[in-house]
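Given the structure is predicted, the values throughout are model-derived calculations rather than measurements. Position 1 is the first residue of the sequence; numbering continues from there.
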Amino acid sequence: MVDERSPADAAGHGVGERDRALAERGERTGRYQLAADGTVVAVDDGLCRLTGYSHAEVIDEHVSFLLGEEGSERYGVALGKVRQRGELCRTDIAVTLATADGDPLPCTVDLQALGGGSGAWASLGELRPQRVEDSADATPRQGESTAGRSADSAPLTDRIYGLSRVLGTATTRAELAERVCERLAARPEYRAVWFGRSHCSDAVLEPDATAGVDDVTLRTDGGGPVERAVETAAVQVAETDATTDLPVDLTETGATVAAVPLVHGETVYGLLVVTAVEADPLGPAERAAFADIGGAIGHALCCQRARRTLMTGRVTEVTLRVRDGGSVLPALSDRLDCRVTVEGVVSTTDGRPQHYVTVHSADTDRIRAVGDDLPGVERFEIVSEHDDACVVRVEPPEPTLHRVTAEHGGSVQELAFECGDATVTVELPDADGTRELLAALRARFETVTLAAQRETDRSIQTRRQFRSALLDRLSDRQQTALRLAYRAGYFNWPRESTGEDIAASMDVSAPTFHKHLRHAEEKLAGSVVAPEEGC
């Protein structure tokens, strides 16, 4: 028995002044009790209202059902620290709650350890949506003055931040644009909303959706907030009668305009334009909120492109020739006068890309000498040697072809360097992405030319869907540990790298690496073996 109390007793355990104060303020909260193994044994009606699940759907599920794999791991770490301090101690951590309708809900969970008579520990948790809690306190952002804030400022910023709830459920750009325009136009402070992107001309933005104004095109060469927002990738606010790049239909709808770039990484995926009746609703707090939501929308648009690439049966395949003498991998192939083939890219925990490349040369001493002489390289090491080639792990300092391509919803299929020139084959969800990808690559690399373009059926769609389904079961760190171990020859016999070597590349301890790898192996094995055992 994990706890001497019944679930009903535990759900009421520790109620005090703080809990009554929350109830008086009308905040939405949800409570649950976990057994020692993380299984949910009790929930209250508040949690069901927060998640949209019924009691029966949550009871007997693991806490990862509510918090996801990464969230449940952080919950376990926090719970362990609380246990060390003894029963009745508690702590707060930030988590993202999984709801029945698929919308992620950022929450703060107040967790408490409950000791059982057998020495096992259960836990009690109380979830509170972060935005509700933050708006009640109306705490200004760092560096923000409280002067000039309207009395309705917190609800208004909540409305802006609340747009994040629609991002995960919109499956197309048009659907996302319509929802954003509809939600913002519902506020009395805003008069018109415009959501669009560049299309036929780099200087022209065409609408995906509008509210409070007819479909109009905008220009990015008029010297006003629209042009500045696209060029600087930052929110621009101006009085409508002072702008030079807004059509009359928009300037007549309000006194102030905000041009919000939809940005992910270094790519601007479009623009959100909002006109306000007065200047106050576009103060510092609202500008910060618009900047955050612009980044969230940009990320959602990037993910939509990537999802279309994975799911569509037809893709646009382009072959590009790229030259950039200052980059690491072209320099490696040029100095060694051999072919360098990129086998795979693995991102470390802090987002740095590690390339695993096959250098088609058996001269290991020369490979090491060239690697030591490459400027700015964080990591360069030979992980396996063969008769006519070596596999090298290299961490270049500059933005890579893989990263730029992924930011535009594309997928690199093949990448090889010869005498300093790269030949890269990319799959894009549609032909419209080719022009944008070329523009982005030409802004970063010395010379980029389009060698071929064709529409084709996806050649390995079934394999990718299967692979994606398996990887979705793993947390980010488990995926990183698995990818690094595979690329470094950890699964070969004999092993070409040790667990300590791979742990060092992840900047974690060896036991932590082995824990992540073992969990990943268990989940992958379970996906293959468990269904057979159940037959």
Side-chain angles (χ1 to χ4, degrees), residues 233 264-268 302 317-348 350-361 363-384 389-428 433-453 480 483-484 487-488 505:
H264 178 61
E266 299 180 7
T267 303
V268 178
C302 176
E317 182 183 274
V318 296
T319 300
L320 307 173
R321 304 274 190 264
V322 182
R323 182 169 186 82
D324 189 24
S327 297
V328 168
L329 296 181
L332 184 64
S333 70
D334 192 25
R335 296 187 190 183
L336 293 172
D337 192 22
C338 70
R339 183 177 177 84
V340 174
T341 306
V342 178
E343 306 297 343
V345 179
V346 178
S347 293
T348 60
D350 58 358
R352 301 192 311 269
Q354 291 186 1
H355 289 62
Y356 285 81
V357 301
T358 298
V359 180
H360 297 270
S361 170
D363 191 344
T364 56
D365 291 338
R366 189 177 175 210
I367 292 174
R368 288 191 179 93
V370 171
D372 291 340
D373 193 41
L374 292 173
V377 176
E378 295 290 335
R379 191 184 303 274
F380 186 98
E381 51 191 321
I382 297 176
V383 298
S384 62
C390 295
V391 176
V392 175
R393 177 168 58 217
V394 57
E395 189 177 306
E398 68 274 347
T400 64
L401 280 164
H402 285 80
R403 176 170 294 179
V404 176
T405 302
E407 288 177 354
H408 287 76
S411 173
V412 173
Q413 302 301 302
E414 297 179 5
L415 175 58
F417 298 85
E418 219 160 345
C419 300
D421 292 328
T423 301
V424 56
T425 300
V426 175
E427 283 187 357
L428 294 165
T434 303
R435 182 182 62 83
E436 295 181 5
L437 177 60
L438 283 172
L441 291 174
R442 285 167 178 164
R444 293 169 175 82
F445 300 101
E446 186 177 310
T447 304
V448 180
T449 57
L450 178 62
Q453 176 175 329
T480 297
R483 292 176 188 272
L484 289 173
R487 296 297 181 190
S505 71

Who passes ring-ring contact (aromatic ring centres under 6.0 Å, His included) against H264, sequence neighbours left out?
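If we apply the ring-ring contact (aromatic ring centres under 6.0 Å, His included) test to H264, skipping adjacent residues, the hits are H299.
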For residues 327-342, which residue pairs qualify under salt bridge (Lys or Arg N to Asp or Glu O under 4.0 Å), counting only residues two or more places apart or in two chains?
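Passing the test, one end in residues 327-342: R335-D373, R339-E418.
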[X] side chain near [Y] side chain, heavy-atom distance below 4.5 Å:
X: D365; Y: D363; answer: yes
X: H402; Y: H355; answer: yes
X: L484; Y: Y356; answer: yes
X: F380; Y: L332; answer: yes

With sequence neighbours left out, write down each residue that passes side-chain contact (heavy atoms from CB on, under 4.5 Å) with [X], or none if nothing qualifies.
X: D372; answer: none
X: S384; answer: H386, V391, E496
X: T319; answer: R321, T423, T425, A451, A452
X: V322; answer: L320, L401, A422, V424, F445, V448

Could you pull out all residues at least two apart from [X] that satisfy side chain to side chain donor-acceptor pair (under 3.5 Å)?
X: E381; value: R393
X: T434; value: none
X: S361; value: none
X: R368; value: E385

Shortest non-hydrogen contact from G410 toward L428:
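Looking at all heavy atoms of both residues, the shortest contact is CA-CD2, 3.6 Å.
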So which heavy atom on S411 is nearest to which on T405, and how close?
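Scanning both residues completely, I find the closest heavy atoms to be N-CG2, 3.7 Å.
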V394: which of V377, V342, V340 passes side chain to side chain contact (heavy atoms under 4.5 Å, CB included)
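For V394, the side chain to side chain contact (heavy atoms under 4.5 Å, CB included) check succeeds only for V377.
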Decide whether E343 and T341 meet the rule of one side-chain donor and one side-chain acceptor closer than 3.5 Å.
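Result is no, nothing qualifies.
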Sequence neighbours left out, what passes salt bridge (Lys or Arg N to Asp or Glu O under 4.0 Å) with R323? Give chain and number order.
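So R323 forms a salt bridge (Lys or Arg N to Asp or Glu O under 4.0 Å) with D421.
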